[in-house]
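One structure below.
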Amino acid sequence: MLVFALLLAAAVPAAPPYAMPGEAAVAPYQAKDSNAEARPYTGDFMARAFHGRAGIARVAGDLVDRAYADPVIGEIFKGHDKVRPTRTLFEQFCYIIGAGCTYSGRDMIASHKDLGVQQADMNRLVELLQRAMRDEKVPFAAQNRLLARLAPMRGHVVQK
Amino acid sequence: MDFTRSCGVAGALLLAATLASPASAGEPRGGGKLLLTNGISTIEGSAGGGLTPWAVIAGNATKDGVGVQSGITVAALRSYDFRSLDLAIGAWDRIELSYAHQRFDTNKVGGKLGLGNNYKFDQDIWGAKLRLAGDAVYGPALLPAVAVGAQYKKSLSGAIVHAIGARHSGGTDVYASATKLFLARSILVDTTARLTKANQTGLLGFGGDRGGGYTLQAESSVAWQLSRRFAIGAEYRTKPDRLSIAHESDWADLFAVLAIGRHLTATVAYADLGAIATEKGQRGLLLQLQGSF
Ligand code: HEM
């Protein structure tokens, strides 16, 4: 029975990354790691600082929760599916930290176009991420190392 | 006395900022900078590292708004006391207008120099800074924020600074700064080049018996960010040496800065200002409280 279920699962084509079950579908796109827009860290220094994939998942989940509930930037997230960014943000962080994930989400321009994100919103998101990393007890130097790979994306997120 | 004066200046600067038109359209929005990224107030009023200006813009606003910051700095040196009050407006993370009033109390040295005990040198400094390109935090990791600025300085002790050999009681410094926070190392580096004629930032006038033209000076700050709110660092600033009766030294300091909140930043520094007005070894503690919006 179990074997049969496994065979069946293998036979059914995997859902495309833009229309995963349980998530709101987005416009079709080609999934590739370069959509994460950052060079991943090599070695396990960063992965250990973030307490592995479980820690990265806690940070990403916490960040998404805080962002949706935030009085400053919550408005921008309102009405958007929460399941998908929780998954893809985890993948992106995990990929950049070098904890062995591939990124299946969209690039940063496609993810943020028409959201009207301002510089103050970007800084607010950074603060929320800092809180999430602090609660995970990620050392400050490692927090900044993740931010170092996110900071260059600003031009693709913040409206001109 | 200098406080009421500073308040009048604050009004004038606010007016200037209101009259200027925004660089980008859209809803103006106050606040929003990351902690500490407005720098601290320098003793000359421009936002920076305390002794040297940085390529950051004063106040808490981003490119979508206008902010202000104001600080009070006191330094107790071996022979002297120093105090400065400053106010700066930062608009659209692009333009900064600043004012500072400096007061340098000679304590007992004043008597020795024939100026009378507790003689005070006073100076007003008006500053303008323009961020030309780059960003201190965001964007390409190796592209710093780059800014140029000018500081018009006017000694209020004109007769005395002439008597000690300065050629002028007023002058204008121009500078260029590059500043970057290297996040991967949690280290901020600033380098500033300044053209100046000022003796002891202008408190002892401009130019002297050893020359009257502009001199090129180098300044630098390095800060290590230890948490979201806390950083420690060091600064160095070369100085001209134009008055043979009052040898002037380069300045250096070690500082610790704490963002107490979004609107309040405290700095303590140990500064070595070398020889000032005939007295060597002017070291001491510098404290600053700064408010920003
Ligand atoms: C460097 C900083 C940022 C990174 C790395 C980032 C990353 C991401 C990722 C990976 C996604 C999901 C893409 C996908 O599922 O295909 C996403 C979506 C989203 N991001 Fe960001 N983001 C950043 C900044 C911001 C900021 C500052 C805001 C607003 C304050 C924001 C608002 C959103 C929203 C609302 C979505 C959902 C879009 C949708 O449902 O179509 N992001 N972001």
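Naming: A, B, ... by sequence-line order, numbering from 1 per chain. Just the heavy atoms: all of them, side chains too, but no hydrogens, waters or symmetry mates, feed the values below.
- Nearest heavy atoms, B:S186 versus A:A141: OG-CA, 4.1 Å.
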Please assess A:M122 against B:T62 for the test side chain to side chain contact (heavy atoms under 4.5 Å, CB included), listing each intermediate value before the final yes or no.
CA-CA 11 Å; A:M122 177 85 192; B:T62 64; over 6 Å; no
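- When heavy atoms are compared at a cutoff of 4.5 Å, B:L226 approaches chain A solely by way of its backbone atoms N, CA, C and O.
- Interface residues of residues 130-150 of chain B toward chain A, defined by a heavy-atom distance below 4.5 Å and sorted by number: B:D135, B:V137, B:Y138, B:G139.
- Looking only at side-chain heavy atoms (C-beta outward), B:R29 and A:Q119 stay at 4.5 Å or farther from each other.
- Here the side chain of A:N144 pairs no donor or acceptor atom with the backbone of B:A184 at under 3.5 angstrom.
- In terms of heavy-atom proximity, B:G32 sits nearest to A:N123 at O-ND2, 2.7 Å.
- Heavy atoms from other residues, nucleotides or ligands lying under 6.0 Å from CZ of B:R229 number more than 12.
- Interatomic distance, B:Q225 CD to A:F140 CZ, rounded to the nearest 0.5 Å: 3.5 Å.
- When A:P152, A:A151, A:A142 are compared by the number of non-hydrogen pairs under 4.5 Å with chain B, A:A151 comes out ahead.
- Nearest heavy-atom pair across B:G31 and A:A120 is O-CB, 4.3 Å.
- Within the 4.5 Å cutoff, side-chain heavy atoms of B:L34 are placed close to those of A:E127.
- Of the listed residues (A:V126, A:L147, A:L146, A:D121), the one with the most heavy-atom contacts under 4.5 Å to chain B is A:D121.
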